[in-house]
Amino acid sequence: MKYVIIGNSAAGIAAVEGIRSRDAEGEIVLISDEPYHTYGRPLISYYLLGATDRRRMQYRPEDFYRKNGVRTLFRVRAEKIDAAEKQVMLSNGEKIGYGKLLVAAGSRPFVPPTEGLDSVENKFTFMTFGDALALEKAVSKRRRVLIVGAGLIGLKCFEGIAARAKSVSVVDMADRVLPSVLDEYGAGIVRRALEEKGAKFFLSDCVERFSCNVAYLKSGAEIGFDVLVIAVGVRPNTELVAQAGGAVRRGIAIDARCRTSLQDVFAAGDCAESRDAVTGEHKVLALLPNAYFQGHCAGVNMAGGEESFDSAIAMNAVGFFGTHVLTAGTYEGESYVEKEGEKYKKLFFKDGCLNGFILVNEPERAGIYTSLVRERTPLSQVDFELLKRAPALMAFSQAARAEKLARRV
Amino acid sequence: MQSRDAARRAEAKHHGTPEPLFAEFRRQGYSIMKRIYVNEKWCLGCHLCEYECAFANSGLTDMVKALKGRPIHPKVSVEDEGNIHFAVNCRHCTDAICVKSCISGALSKGEDGVVRIDENKCVGCLTCVLVCPYGAVMPAPNGHAAQKCALCTDNLCGEPNCVRYCPNNAIVFEDRG
């Protein structure tokens, strides 16, 4: 069997590991338009922060491709899939045939059309290691930075460059930071931590137009800057599958075995949809763990195995200068709240299940909560009153504890 | 007087660790996967395992110097509620969700089945803490990484120190297949 994988990040690498768990022999070709050994994409902010470096941020050991018998085609774009002929057209003019194909093409930054954006000289997005290297060159103690977007990407970018820039302003339409991840109280904690490090926020506001080095906001405020970072969101790279006639909704439509509607074509990661185990909705859950789960599942199935992945949930673990935010699931239903200064816990429960949670500066054993959300464990089977106080295995029945702790898992 | 650590080493020599035998088994193709298992009914809740874990991972040879008057950050933790007590540490899951979820590639599962964290690669995002269903991965005290049990393969003990000094066999180290 010949396997072709488009994408060199978490989903693509996971697929290699999934394939090799069943097929030690088959030929694997991996295509990436980037020139680098696989790296953890979310690490680019840690790179700028100095918390990691080029070598340590490699997602797998140096000899990963060799050990797994992977032929890599770097600096090459997959331009088109011919599903009838079972081949992929590449930007270098080559055609490459496949037995099974994985599209793990990721997502790309969304840059909203804004008046005067063309007049801005130093503008960046923040998604790839290439972006981080470019930003590293552009930012200095003499330069003012404007970040558009106070979501995960924008704020991690701030953390990375805060100590390198003269000043950093952050604009977002929402009334709080991390609007899709946190509620007002939780966002307040993060905002204060970032303001302490010099962030200047312009919330409930947006850029109406740019003129060279000035952003004119809707509120009337004007922000002068030398470097602009656009971090308002990402769009899944669905075009390859769409153009080949495959089903695409917001992301590439896949089943629980990560198969697209095209014969022998699989998809995984930020370009593909997941079925959210909490809501049952199909949506793009652009998270690294999800990319790995899907990629691994796809790889096993590409190699003739039978694996399903049906426990996708939204989740985030992110820190800003030591302030830790851990969240999972959806924020619907009744809630239980504990707040004390910069610590915050909010649990959401509905229909007898834990639906989601927000934990700020209370990371300890959060995974016990996450597993309740992911597994849809009926709260009638656990001591929920005890769990509200703190995540603990004590809340499970003795028999359930024995399953967890007294046998191989 | 002989230090406690020296006494331990002497004892280990005396008892003769079964490792060479296991190595032979492995060479013959058998899979030996010794793991820590909990016998909840024997646990007294003495928390000695936590102290032994902290000592084993302190890098020091004097238990008093390592632990006295210092906050400890063990990788095993005992849960207590009324008369129920049990120790929890990493299960070294067959299909380890922490390894799959790690954003930096710092977590890996070795050929020996042991899940380890490379603290040098870890950026401390705590995704592993968010996904571990046992609550067995925790923030490291330095604030820049996560930490977890590696069955004492990452320190001088070689075999789990918590098990070795559990007075009541409430945690054991064996192969349950």
Side-chain angles (χ1 to χ4, degrees), chain A residues 10 13-14 17 38-43 45-46 49 51-52 55-61 64 287-290 292-293 296 315-319 322 324-328 359 363-372 374-375 383 386 391-395 398 401-402 404-409, chain B residues 33 35-41 43 77-82 84-106 108 113 118 120-139 143-146 171-172 175-177:
Chain A
I13 296 302
E17 294 178 349
T38 183
Y39 62 94
R41 254 192 225 297
L43 268 65
S45 68
Y46 296 92
L49 186 63
T52 188
R55 189 181 53 79
R56 283 186 292 158
M57 70 192 284
Q58 281 189 2
Y59 185 55
R60 287 295 180 266
F64 175 83
L287 324 159
L288 189 141
N290 203 47
Y292 189 97
F293 300 147
H296 193 271
M315 57 182 180
N316 286 290
V318 63
H324 281 287
V325 175
L326 270 58
T327 66
L359 297 169
E364 288 78 16
R365 308 193 81 192
I368 294 175
Y369 287 151
T370 309
S371 74
L372 294 172
R374 187 195 305 118
E375 310 295 333
D383 184 343
L386 195 148
L393 298 183
M394 189 67 77
Q398 191 177 29
R401 285 202 299 272
K404 293 174 194 298
L405 302 177
R407 68 172 193 95
R408 183 94 160 257
V409 292
Chain B
M33 291 285 179
R35 295 288 174 268
I36 294 175
Y37 296 104
V38 171
N39 291 326
E40 186 179 307
K41 63 181 174 182
C43 182
S77 68
V78 176
E79 290 192 29
D80 306 286
E81 183 84 11
I84 306 173
H85 313 275
F86 54 88
V88 182
N89 61 8
C90 174
R91 311 307 305 138
H92 300 277
C93 305
T94 308
D95 190 20
I97 193 169
C98 59
V99 174
K100 285 182 157 185
S101 302
C102 178
I103 69 167
S104 67
S108 61
D118 179 346
N120 195 34
K121 281 178 76 74
C122 177
V123 292
C125 71
L126 306 186
T127 299
C128 47
V129 177
L130 179 64
V131 298
C132 174
Y134 306 99
V137 190
M138 61 283 292
H144 299 295
I171 36 177
V172 294
D175 187 348
R176 293 191 178 173

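Each chain gets a letter, A, B and so on, in the order its sequence line appears, and its residues count up from 1.
- Heavy atoms only, all atoms of each residue included: L405(A) and A87(B) are closest at CD1-O, 4.2 Å.
- Neither the backbone nor the side chain of A14(A) comes within contact range of chain B; no heavy atom of the residue lies under 4.5 Å from a heavy atom of that chain.
- Annotation: the span from L359(A) atom CG to L126(B) atom CG amounts to 11.0 Å, rounded to 0.5 Å.
- Of all the heavy atoms in L130(B) and T370(A), the pair that sits closest is O-OG1, 2.6 Å.
- Looking at I368(A), the atoms closer than 4.5 Å to chain B (heavy atoms on both sides) sit in the backbone and in the side chain alike.
- N316(A) touches chain B through its backbone: at least one of N, CA, C or O sits under 4.5 Å from a heavy atom, while the side chain does not.
- In terms of heavy-atom pairs under 4.5 angstrom with chain A, the leader among A136(B), P139(B), C132(B) is C132(B).
- Rounded to the nearest 0.5 Å, atoms CE (M33(B)) and CZ (R408(A)) are 6.0 Å apart.
- Using a 4.5 Å cut-off between heavy atoms, C125(B) touches chain A through backbone and side chain atoms alike.
- Using a 4.5 Å cut-off between heavy atoms, T327(A) touches chain B through its backbone atoms (N, CA, C, O) alone.
- Residue contact with chain B, scored on non-hydrogen atoms closer than 4.5 Å, involves the backbone and the side chain of L393(A) alike.
- Put simply, the side chain of D383(A) does not reach to within 4.5 Å of the side chain of M394(A), judged on heavy atoms.
- Only the side chain of R60(A) comes within less than 4.5 Å of a heavy atom of chain B; its backbone N, CA, C and O stay farther away.
- Here the closest heavy-atom approach between residue G124(B) and residue C122(B) is recorded as N-SG, 3.3 Å.
- Interface summary for chain A: among G135(B), C128(B), C93(B), the most heavy-atom pairs under 4.5 angstrom belong to G135(B).
- Both the backbone and the side chain of P363(A) come within contact range of chain B, with heavy atoms under 4.5 Å apart.
- Heavy-atom minimum distance, A10(A) versus Y292(A): O-CD1, 4.2 Å.
- Between chain A and the options M138(B), K100(B), K121(B), R176(B), the largest number of non-hydrogen pairs under 4.5 Å is found for K100(B).
- A salt bridge between E79(B) and R365(A) is present, with a side-chain N of the basic residue lying under 4.0 Å from a carboxylate O of the acidic one.
- Salt bridge absent: R56(A) and D118(B) never bring a charged side-chain N and a carboxylate O closer than 4.0 Å.
- A392(A) and L386(A) make their closest contact through CB-CD2, 4.0 Å (heavy atoms, listed as atom of the first residue, atom of the second, distance).
- Considering only heavy-atom pairs separated by less than 4.5 Å from chain B, the leading option among A402(A), P42(A), A366(A), G40(A) is A366(A).
- At a 4.5 Å heavy-atom cutoff, the contact between F293(A) and chain B is made by side-chain atoms alone.
- Closest of all the heavy-atom pairs between L288(A) and I103(B) is CD2-CA, 3.8 Å.
- Contacts with chain B were tallied for R401(A), M315(A), R55(A); R401(A) has the most, counting heavy-atom pairs under 4.5 Å.
- Looking at V409(A), both its backbone and its side chain come within 4.5 Å of chain B, counting heavy atoms on both sides.
- Of all the listed residues (E17(A), R41(A), M57(A), H296(A)), the one sharing the greatest number of non-hydrogen pairs under 4.5 Å with chain B is H296(A).
- Between chain B and the residues G319(A), G367(A), P289(A), A328(A), the largest count of heavy-atom pairs under 4.5 Å involves G367(A).
- Proximity to chain A (any heavy atom under 4.5 Å) is shown, for C98(B), by neither the backbone nor the side chain.
- Between chain A and the residues V88(B), N89(B), N120(B), T94(B), the most heavy-atom pairs under 4.5 angstrom are made by N120(B).
- Taking the side chain as every heavy atom from C-beta outward, R91(B) and Y37(B) approach each other to under 4.5 Å.
- Residue E81(B) touches chain A through both its backbone and its side chain, counting heavy-atom pairs closer than 4.5 Å.
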